[in-house]
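Worksheet for the structure shown next.
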Amino acid sequence: MNKKEVLKLAKGFRGRAKNCIRIARERVEKALQYSYRDRRNKKRDMRSLWIERINAGTRQHGVNYSNFMHGLMKENIQLNRKVLSELSMHEPHSFKALVDISHTAFPGNKKPVLTPKKQGLAVLL
């Protein structure tokens, strides 16, 4: 890169990194490395966020994430994780229908049995 391009990319940097060509070139090069790396990390972070949202939505209906996704796969419902997370947040009734379909296709999850909590020694007295 020539001097003009480097200084254009270094605009907004602090100190001599914005106007001293030798320092600016190093900082711009490192900034481009960070941006390349973080474009991939952003995809990874978004996918994990979608999975967390789907998991939270399915657990409200007594199903865990892996069995939910397995049931969808068996029913050949091809919705990606981004769409499923949006449904779980903004369309809870539609998401409940998907959970029910998944549960009938793969009934790996049992309905949670709620047992009464023990109160300690107060029950014995």
Side-chain angles (χ1 to χ4, degrees):
M1 288 192 288
N2 64 14
K3 181 177 178 179
K4 192 174 184 180
E5 290 175 343
V6 169
L7 291 178
K8 185 177 180 183
L9 289 172
K11 189 174 182 178
F13 288 3
R14 303 186 91 187
R16 288 195 306 163
K18 68 177 169 277
N19 52 17
C20 181
I21 187 64
R22 184 175 293 170
I23 298 171
R25 186 174 289 125
E26 292 172 0
R27 298 290 167 84
V28 165
E29 191 173 315
K30 192 65 174 175
L32 292 174
Q33 289 172 0
Y34 285 142
S35 66
Y36 178 84
R37 179 197 68 190
D38 291 338
R39 281 194 298 273
R40 278 115 190 106
N41 287 350
K42 183 180 177 184
K43 294 170 181 60
R44 184 186 317 155
D45 293 342
M46 291 307 294
R47 182 181 167 96
S48 65
L49 175 67
W50 296 332
I51 290 172
E52 287 173 14
R53 287 177 177 172
I54 295 167
N55 193 16
T58 56
R59 286 184 186 271
Q60 289 177 348
H61 303 295
V63 178
N64 67 16
Y65 170 78
S66 62
N67 289 341
F68 171 70
M69 293 303 284
H70 184 67
L72 289 182
M73 186 188 71
K74 287 184 92 171
E75 283 291 320
N76 199 20
I77 298 174
Q78 297 177 351
L79 292 173
N80 61 16
R81 286 162 181 81
K82 181 179 180 180
V83 171
L84 287 172
S85 80
E86 290 295 318
L87 282 175
S88 71
M89 288 174 31
H90 301 299
E91 294 287 334
H93 297 296
S94 303
F95 190 72
K96 171 91 168 82
L98 285 173
V99 171
D100 292 339
I101 291 170
S102 171
H103 187 67
T104 56
F106 182 68
N109 291 304
K110 299 175 181 71
K111 293 288 182 184
V113 178
L114 299 176
T115 57
K117 292 183 179 179
K118 296 180 180 177
Q119 299 295 328
L121 295 176
V123 175
L124 299 174
L125 298 177

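Within the 3.5 Å criterion, the main-chain N or O of N41 finds no donor-acceptor partner in the side chain of D38.
Nearest heavy-atom pair across H61 and G57 is CD2-O, 3.2 Å. Of all heavy-atom pairs spanning I101 and T104, the tightest one is O-OG1, 2.8 Å. Closest non-hydrogen pair, A105 versus G71, comes out as CB-O, 3.6 Å. Nearest heavy-atom pair across T58 and N55 is OG1-O, 3.0 Å.
Residues passing the side-chain hydrogen bond (donor to acceptor under 3.5 Å, both in side chains) test with R47, sequence neighbours excluded: none. With sequence neighbours excluded, the residues satisfying side chain to side chain contact (heavy atoms under 4.5 Å, CB included) with S94 are L87, E91. The ring-ring contact (aromatic ring centres under 6.0 Å, His included) search around Y65 returns none, not counting sequence neighbours.
The other residues sharing a hydrophobic cluster with L49 are M46, W50, where clustering joins ILVMFWY side chains under 4.5 Å apart.
Residues S35 and R39 meet the side-chain proximity criterion, which asks for heavy atoms closer than 4.5 Å. Residues R81 and R53 have side chains not in contact (no heavy-atom distance under 4.5 Å, counting atoms from C-beta outward).
Sorted by first and then second residue, the ring-ring contact (aromatic ring centres under 6.0 Å, His included) pairs with a member in residues 69-96 read F68-F95, H70-F106; sequence neighbours excluded.
One hydrophobic cluster holds both I51 and V83 under the rule that ILVMFWY side chains link at heavy-atom gaps under 4.5 Å. Hydrophobic clustering (side-chain heavy atoms under 4.5 Å, transitive across Ile, Leu, Val, Met, Phe, Trp, Tyr) keeps I54 apart from M89.
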Check residues 4-33 and write down every donor-acceptor pair under 3.5 Å in which the side-chain atom is one partner and the other belongs to a residue at least two apart or another chain.
unit_1 : atom_1 : unit_2 : atom_2 : d
K18    : NZ     : G15    : O      : 3.4

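For the pair R40 and Y36, the cation-pi criterion (under 6.0 Å, within 45° of the ring axis) is fulfilled.
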